[in-house]
Each structure stands twice: as structure tokens, then as C-alpha cells.
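This one's a predicted model, so the numbers in the text were calculated from it and none came from an experiment. Letters A, B, ... mirror the listed sequences (proteins, then strands); counts begin at 1.
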There are 2 protein chains.
Amino acid sequence: MAKESTTIDIGETSTVTKSTSHALVDEKKKGFVTAAPGGGYKRGLTIFDFLLRLAAIGITIGASSVMFTAEETLPFFTQFLQFQAGYDDFPTFQFFVIAIAIVASYLVLSLPFSIVTIVRPLAVAPRLILLISDTVVLTLTTAAAAAAASIVYLAHNGNANTNWLPICQQFGDFCQTASTAVVAASISVVFFILLIVISAIALKRH
Amino acid sequence: MAKESTTIDIGETSTVTKSTSHALVDEKKKGFVTAAPGGGYKRGLTIFDFLLRLAAIGITIGASSVMFTAEETLPFFTQFLQFQAGYDDFPTFQFFVIAIAIVASYLVLSLPFSIVTIVRPLAVAPRLILLISDTVVLTLTTAAAAAAASIVYLAHNGNANTNWLPICQQFGDFCQTASTAVVAASISVVFFILLIVISAIALKRH
């Protein structure tokens with residue numbers, strides 16, 4: 001307990017004279033001495049958090065737009081049919097594009113909070129808000145990636161029991177593009193897990 | 001800055017006069033005495049955490065076993081074929097059964113940690129371990145639920161563009177059972193989000 005509260009004091013109050021009682025001044029001094037490491041590594045964490053968010057923005061925008069532009073038209077056609085595959089032929093891929101776009105927007109909106117935590121590495125509220133909303137958005141990202149992955153798997157392998165034939169033999173490029181988007185979304189899932197771990201460590205006492 | 005650290009102190013020390021000069025001894029006493037108010041709502045949180053885990057164990061075991069036993073044999077057959085659908089006809093459903101069973105085992109193993117946090121509501125380490133592992137397992141649960149959901153959706157609606165026909169017209173009971181398992185897994189996802197929020201709140205200072 002003693003150690004804990006000391007550390008907390010230190011991080012935020014090192015430059016302020018809190019004056020009146022001996023105990024307080026005493027604590028402050030202790031705080032001042034030990035402040036650097038505690039606040040220091042937390043500030044490092046928050047900067048890492050910010051950079052991770054920037055990277056995640058890039059990856060999610062990439063995943064969403066790659067899936068959005070996934071389209072392939074086969075070079076042969078009959079009188080009535082042209083063979084074409086696009087992301088909008090699969091409701092799951094539509095969900096993927098929309099969900100990952102929402103995730104990217106969320107990440108952009110979360111940047112100011114991340115900056116606040118860089119400026120004030122020991123502030124609790126923005127950190128808690130980030131952790132909780134990151135968790136919810138992690139769920140959305142994972143759901144989009146997993147649902148799309150199961151459809152990509154089906155497109156590659158088909159399912160003999162239900163007579164769902166693989167379409168990747170015909171639409172190889174389309175499948176390739178969709179797989180890329182799924183992989184990118186999966187990487188962003190890892191980023192979100194890291195962000196949550198960072199928030200948890202930054203949030204914990206001492 | 002100063003205000004914040006004051007607040008932090010208060011959270012833990014409100015009933016104690018802080019003025020005596022033996023700072024360390026004093027603080028230790030404060031920690032002991034003031035565990036009660038801060039510890040009080042935190043203890044409530046940890047008990048809620050424990051109950052949520054018990055509920056999540058029930059739901060995940062239910063989801064996994066319901067999906068495992070999902071099977072339907074149609075009452076007619078040809079000379080060569082019997083029409084049958086089981087969870088093992090779909091790789092995604094196999095993944096679902098295994099993943100959700102792993103999640104249920106994890107939840108059972110996490111109970112001791114949860115009990116530790118009930119006994120010591122202010123302990124940081126078990127709380128942090130729970131938060132991080134809950135986040136990873138949340139990802140696994142969400143992935144299993146979303147992947148299975150996209151296959152269930154396909155089984156219900158089919159996909160005209162790829163000529164994947166819906167099978168739920170024939171295997172209505174099977175689809176119903178699989179849907180139930182997916183819904184149960186989705187509920188456990190909500191439980192995990194709640195568990196993470198609880199851990200975050202219990203972990204934060206003051």
C-alpha cells in the first residue's frame with residue numbers, strides 16, 4: 001500500500017509543492033525521486049499505444065478497401081451470363097467491408113484520447129474509456145475477420161457434403177484479394193489485443 | 001495534477017489522519033484501514049466476476065455440446081445415399097466445438113484466480129493475468145461464434161451467385177440446433193466483455 005500510493009504521487013506531483021504537513025512533503029520527496037521511472041515507462045507505453053493505433057488505422061483502411069475493390073470478371077461469357085464475382089455477392093464480405101470501415105473510423109476518433117494519455121500518462125478516465133471501447137471494437141473486428149475467413153475457406157475448399165462447390169478455381173484473383181483482406185484484419189486483431197494489454201498495464205496501480 | 005494525486009490518496013485513506021510524520025508506517029496503516037471502502041465495491045465486483053464466470057461456463061459447455069450433438073438424418077434414402085447432416089460435415093462447426101470447449105476449460109481454470117481476487121480485491125497481478133487472458137479468449141470465442149454464424153447464415157439463405165444452395169429446407173432441425181449453439185456462444189461473448197470491463201475497473205487506481 002505504502003509503496004503504491006507513493007508511486008502515484010510521484011508521477012503527477014513532482015513539480016508541485018504541496019506544502020503543509022510533514023507527511024505530505026515527505027511523500028512528495030519520495031515521489032519526486034521515484035517519479036521518473038514510473039511515469040517514464042508509462043509514457044513510453046502510451047506513445048507505443050499511439051503508434052499502434054496509427055498502424056492499425058493503416059491496416060484496417062487497407063483491409064476494408066482491398067475487400068471493397070475485390071472483383072473479378074472472367075474473360076469468357078455466354079449469351080446470357082457474364083461470370084463475375086465481387087465482394088457484394090457475399091453478404092459476409094459486405095459485413096466485413098462495413099465493419100472494418102467502422103473500426104477504422106473508431107481508431108481515428110480514438111487518437112485524441114490516446115494523445116490525452118500521452119500528455120497525462122497517469123490519467124485514469126481516458127485510459128479506461130479506451131480499454132472498454134477497444135474491447136468492444138476488438139469483438140467487431142474479430143467477428144468480421146472470422147466470418148469472412150470462414151467464407152474464404154469455403155470458397156477455396158467447398159463442402160462436398162452440402163454440394164457447395166469451391167469457386168476459387170474460377171475466381172482465383174478474387175479469392176486471393178479477399179484472403180489478403182482477411183489476413184490484414186487478423187493482424188489488426190492482434191494490434192487490438194496489444195492495445196488492450198497496454199491499457200491494462202497503464203491502468204494498474206504502481 | 002496536484003488535484004488528481006490528492007483524489008488518489010483519498011480513495012485509499014479517507015478515514016485516516018495523514019499528519020503524523022512516520023510516513024511509511026502511517027501509510028501502511030492507512031492501507032490496512034482503508035481497504036474497506038475502496039475494497040468494498042471492488043469485492044462486490046469480484047464476486048460478480050466469479051458469478052459471471054460460472055454462468056459463462058454453463059453457457060459455453062452448453063453451446064459446445066449442443067453443436068456437438070447437432071445431427072439430423074432425413075427419413076428417406078436412396079439405394080446408395082442416406083441424407084444426413086452432422087456438425088462434422090462442416091469444418092467451421094468442428095472448429096466451433098473445439099474452440100468453445102477450450103474456452104469452457106479456460107473458464108474453469110480461471111476460477112481459482114477469480115477466487116484469489118475475491119480474497120484480495122486489491123491484488124494487481126491475478127487481476128492483470130485475468131484481464132489479458134480473458135481478452136485472448138474473447139477473441140477465440142468471437143472468432144468461433146462469427147465463423148459458425150456465417151455458415152449458419154449460408155445454410156439458411158444460400159448464395160445464388162455461387163450456386164451454394166440453402167440446406168435448411170431439408171435439415172431444418174440441424175440448422176435450428178446449430179443456430180442455438182451460435183446464439184449461446186454470442187451470449188458468452190457479451191459475458192467476456194463484461195468480465196474485461198470488471199477487471200479494468202477493479203484494476204484502476206482509486
Side-chain angles (χ1 to χ4, degrees), chain A residues 1-2 4-6 8-9 11-13 15-16 18 21-24 26-27 30-31 85 89-92 120 122-124 127-128 131-132 135-136 138-139 142-151 153-155 157 159 161-165 167 189 193 196-197 199-201 203-206, chain B residues 1-2 4-6 8-9 12-13 18-24 26-28 30-32 35 85 89-92 122 124 127-128 131-132 135-136 138-139 142-151 153-155 157 159 161-165 167 189 193 196-197 199-201 203-206:
Chain A
M1 280 295 144
E4 266 169 33
S5 59
T6 314
I8 290 162
D9 275 338
E12 299 272 50
T13 66
T15 58
V16 188
K18 218 164 42 176
S21 85
H22 272 294
L24 275 178
D26 206 19
E27 274 174 42
K30 278 187 290 174
D89 293 327
F90 299 84
T92 311
R120 301 188 53 188
L122 297 174
V124 168
R127 183 50 75 189
L128 194 64
L131 197 158
I132 293 173
T135 307
V136 173
L138 164 68
T139 313
T142 313
S150 78
I151 297 298
Y153 178 85
L154 199 61
N157 297 86
N159 188 330
N161 303 299
T162 53
N163 223 3
W164 294 339
L165 299 175
I167 59 156
V189 166
I193 293 179
I196 292 174
V197 171
S199 287
I201 292 175
L203 206 58
K204 80 183 209 297
R205 297 177 293 274
H206 79 84
Chain B
M1 292 288 165
E4 218 178 61
S5 61
T6 314
I8 290 162
D9 275 338
E12 302 268 53
T13 69
K18 218 161 47 170
S19 50
T20 41
S21 59
H22 303 292
L24 267 177
D26 202 24
E27 275 173 40
K28 238 176 259 173
K30 277 187 289 176
F32 184 74
D89 294 327
F90 299 84
T92 311
L122 296 177
V124 168
R127 184 49 73 188
L128 194 64
L131 197 158
I132 293 173
T135 306
V136 174
L138 164 69
T139 313
T142 313
S150 77
I151 297 298
Y153 179 86
L154 199 60
N157 297 86
N159 188 330
N161 302 300
T162 53
N163 223 3
W164 294 338
L165 299 175
I167 59 156
V189 166
I193 293 179
I196 292 174
V197 171
S199 287
I201 293 175
L203 205 59
K204 80 183 207 300
R205 297 176 292 273
H206 81 82

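- Taking CG of A:Asn163 as the reference point, atom CG of B:Asn163 lies at 9.0 Å (rounded to 0.5 Å).
- When heavy atoms are compared at a cutoff of 4.5 Å, A:Asn159 approaches chain B solely by way of its side chain, counted from C-beta outward.
- The backbone N or O of B:Asp89 lies less than 3.5 Å from a partner atom in the side chain of A:Asn161, making a donor-acceptor pair.
- Contacts of B:Thr135 with chain A are made by both backbone and side-chain atoms, with heavy-atom separations under 4.5 Å.
- Neither the backbone nor the side chain of A:Ala149 has a heavy atom closer than 4.5 Å to any heavy atom of chain B.
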With side-chain contact (heavy atoms from CB on, under 4.5 Å) as the criterion, how do B:Leu131 and A:Ile196 come out once you've worked through the C-alpha distance, each side chain's angles and the decisive distance to 0.1 Å? CA-CA 9 Å; B:Leu131 197 158; A:Ile196 292 174; 3.9 Å; yes
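- Using a 4.5 Å cut-off between heavy atoms, A:Thr139 touches chain B through backbone and side chain atoms alike.
- Among A:Ala144, A:Ala85, A:Pro91, A:Ala148, the residue with the largest count of heavy-atom pairs under 4.5 Å with chain B is A:Pro91.
- Between A:Leu128 and B:Ala200 the shortest heavy-atom distance is CD1-CB, 3.7 Å.
- Both the backbone and the side chain of B:Phe90 come within contact range of chain A, with heavy atoms under 4.5 Å apart.
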May I have the step-by-step check of side chain to side chain donor-acceptor pair (under 3.5 Å) for B:Ser150 and A:Thr92, ending in yes or no? CA-CA 7 Å; B:Ser150 77; A:Thr92 311; 4.9 Å; no
Apply side-chain contact (heavy atoms from CB on, under 4.5 Å) to residues A:Ile151 and B:Leu154 and explain how you reach the verdict. CA-CA 9 Å; A:Ile151 297 298; B:Leu154 199 60; 4.2 Å; yes
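- Summarising the geometry of B:Trp164 relative to A:Leu165, their closest heavy-atom pair is NE1-O, 2.8 Å, with the distance given to 0.1 Å.
- Shown here for B:Ala146 and A:Ala146, the closest heavy-atom pair between the two residues is CB-CB, 4.0 Å.
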